[in-house]
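Reading through the structure tokens given below for one structure.
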Amino acid sequence: MSLEMLRREIETVTWRVLEAVASRARLVQTVAAVKTGQNLPRRDAAREEDLLRAAEECAPSPLSGRAARAVTRAVIDACLDAVDGSGMREMLVSRSGGRAVAAVGIGEGLPRAWIAGPCSVESVAQVDAVAGSLAALGVNHLRGGAFKPRTSPYDFQGRGLAALLELSRAARTRGMWSVSEATGESVVDEVADSVDVIQIGARNCQSYDLLRAVAIAAAARGRSVMLKRGPGTTIAEWISAAEYIANAGCEHILLCERGIRTFEPSTRYTLDLSAVAVARVMTRLPIVVDVSHPAGRRDLLVPLAAAAYATGADAVMVEVHPDPDLALSDSAQQVTPEAFAALKQEVDARVPWRT
Ligand code: PEP
Ligand code: MN
């Protein structure tokens with residue numbers, strides 16, 4: 001055979017391979033529709049691994065086992081992408097179910113949400129003062145740290161369970177939802193018993209055992225989980241971490257962008273609004289933007305919050321303290337309830353809520 005003919009034969013075979021992959025993708029689409037109808041998980045990692053191992057062990061000559069495995073992996077991924085359409089293979093949190101599930105009054109089709117409250121719950125008087133002011137402004141979500149992840153072990157570490165109970169009471173008596181962080185597996189049950197939204201802090205974004213434990217505790221009590229993006233976590237890694245939570249049985253997940261580490265020192269972190277846009281395309285999950293921690297200073301909160309809503313955030317989180325200069329943590333970025341009221345009014349005026 002001439003070289004020309006051999007090349008044409010290679011092209012024909014390549015097209016046959018692609019057509020075979022396409023017919024496999026159509027089957028996968030049918031399977032996905034059946035599974036959705038039966039409310040079954042869309043992806044089965046064990047089955048995928050069986051297939052990959054079989055391909056490796058029975059690789060047709062002259063392909064190596066490694067090559068057969070890699071080709072099979074690529075075929076599986078291409079077929080999954082055909083189901084999802086977003087190029088995302090993490091099926092549980094993917095966009096395919098339509099955007100976006102409502103959890104604790106945050107998400108598509110719901111009014112604009114604000115999550116506000118002190119960095120740390122310091123006393124009953126402090127959290128009550130903030131909660132009262134916020135409730136009067138129509139804020140429905142009260143945040144407050146009880147177990148605090150602090151960079152230095154010599155800094156204020158939070159008041160633990162007492163703070164959790166104070167936060168939860170301050171919220172409940174005003175008809176608000178409460179949000180607080182579980183910093184480790186040992187406190188998951190305490191946090192899940194007390195608050196409506198269990199926060200996974202930025203430092204723990206990829207602590208998979210904690211994600212699983214929080215998801216299980218949340219699912220058992222009908223709580224929601226808010227997953228903060230780590231300062232050095234890619235968007236894909238953050239979404240994959242959310243998949244761990246979904247995979248462990250928790251449906252009500254909120255993603256929270258809170259700034260990433262860059263070379264820029266004028267803010268504490270760099271608020272990555274691309275993450276909001278990308279997460280909206282790739283997932284169906286409601287998206288929160290924490291503007292206080294990336295700013296690290298109170299004078300930038302209005303433009304950052306306005307930009308967050310304009311980019312598609314479902315909620316913005318702001319740290320509010322009755323006397324920020326005396327705050328035991330994150331003093332420079334917290335604002336008074338009065339300043340928060342002005343901020344909220346300004347942002348609401350600048351960026352009308354989507355209808
Ligand atoms: C917080 O929200 O209290 C907090 C500690 O934030 P992060 O995990 O984003 O640093
Ligand atoms: Mn803080």
Side-chain angles (χ1 to χ4, degrees), residues 106 114-122 126-127 130 141-153 155-160 163-164 166-167 171 177-184 187 191 194-207 210-211 214 224-233 235 237-238 241-242 245 254-262 267-273 275-276 279 287-298 300-301 304-305 308 313 315-336 340:
I106 299 175
W114 291 89
I115 303 175
C119 177
S120 302
V121 175
E122 297 172 7
Q126 176 236 24
V127 73
V130 175
H141 298 83
L142 181 68
R143 66 147 282 146
F147 299 97
K148 295 299 300 177
R150 302 307 302 280
T151 302
S152 165
D155 284 342
F156 176 63
Q157 301 288 307
R159 292 170 50 248
L164 214 47
E166 290 162 13
L167 173 80
W177 284 289
S178 50
V179 185
S180 199
E181 175 168 349
T183 42
V187 302
V191 178
S194 304
V195 299
D196 302 295
V197 181
I198 309 164
Q199 175 172 317
I200 312 258
R203 293 156 186 80
N204 277 320
C205 178
Q206 292 180 291
S207 299
L210 178 63
L211 300 187
V214 166
S224 299
V225 177
M226 183 167 79
L227 176 66
K228 287 199 156 197
R229 178 180 176 197
T233 309
I235 298 170
E237 286 164 347
W238 176 44
I245 301 171
L254 303 128
L255 292 172
C256 179
E257 159 63 32
R258 48 77 73 205
I260 54 174
R261 183 81 76 193
T262 69
T267 50
R268 191 175 173 190
Y269 296 92
T270 297
L271 180 60
D272 179 15
L273 288 176
V276 177
I287 300 159
V288 179
V289 172
D290 170 355
V291 291
S292 296
H293 289 92
R297 44 192 272 193
R298 54 183 75 102
L300 302 177
L301 302 181
L304 295 185
V316 163
M317 181 154 91
V318 181
E319 287 189 335
V320 180
H321 190 288
D323 194 347
D325 290 338
L326 297 182
L328 298 181
S329 56
D330 287 349
S331 168
Q333 71 201 28
Q334 301 207 60
V335 292
T336 60
F340 175 75

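Atoms within a ligand are numbered from 1 in the order they appear, just like the ligands themselves. Starting from 1, each residue takes its place in the sequence as its number.
Checked by distance only, ligand 1 and Asp290 stay at 3.5 Å or farther apart across all their nitrogen or oxygen atoms. Inclusion of Pro149 in the set of residues having an N or O under 3.5 Å from an N or O of ligand 1 is not warranted.
Atom 10 (O) of ligand 1 has as its closest protein heavy atom Arg258 NH2, 2.8 Å. Here the heavy atom of the protein found nearest to atom 6 (O) of ligand 1 is Lys228 NZ, 2.9 Å. Taking atom 2 (O) of ligand 1 as the reference point, the nearest protein heavy-atom neighbour is Arg143 NH1, 2.7 Å. Annotation: atom 8 (O) of ligand 1 to nearest protein heavy atom, Ala202 N, 2.8 Å.
Counting heavy atoms from C-beta on, the side chains of Thr151 and Arg203 come closer than 4.5 Å.
Ring-plane geometry between Trp114 and Phe340 is classed as perpendicular, the angle between the planes exceeding 60 degrees on a 0 to 90 degree scale with a lower cut at 30.
In summary, the atoms of ligand 1 found under 4.0 Å from a heavy atom of Gly201, numbered by their order in the structure, are 8 (O). With ligand atoms numbered from 1 in the order given, ligand 1 contributes 3 (O) to contacts under 4.0 Å with heavy atoms of Lys148.
Side-chain N or O atoms of Arg229 include none that pairs as donor or acceptor with a backbone N or O of Glu257 at under 3.5 Å.
If you look at Cys256 next to ligand 1, there are no close heavy atoms at all, none under 4.0 Å.
For the Mn ion (ligand 2), protein N/O/S neighbours under 2.8 Å (waters excluded) are Cys119 SG, His293 NE2, Glu319 OE2, Asp330 OD2.
Checked options Arg298, His321, Arg268, Arg297; the residue passing with Gln333 is Arg268 (criterion: side chain to side chain donor-acceptor pair (under 3.5 Å)).
If you check each of Gln199, Arg268, Met226, Glu257 against atom 1 (C) of ligand 1, the one with the closest non-hydrogen atom is Gln199.
Side-chain N/O atoms of Asp330 and His293 include a donor and acceptor closer than 3.5 Å.
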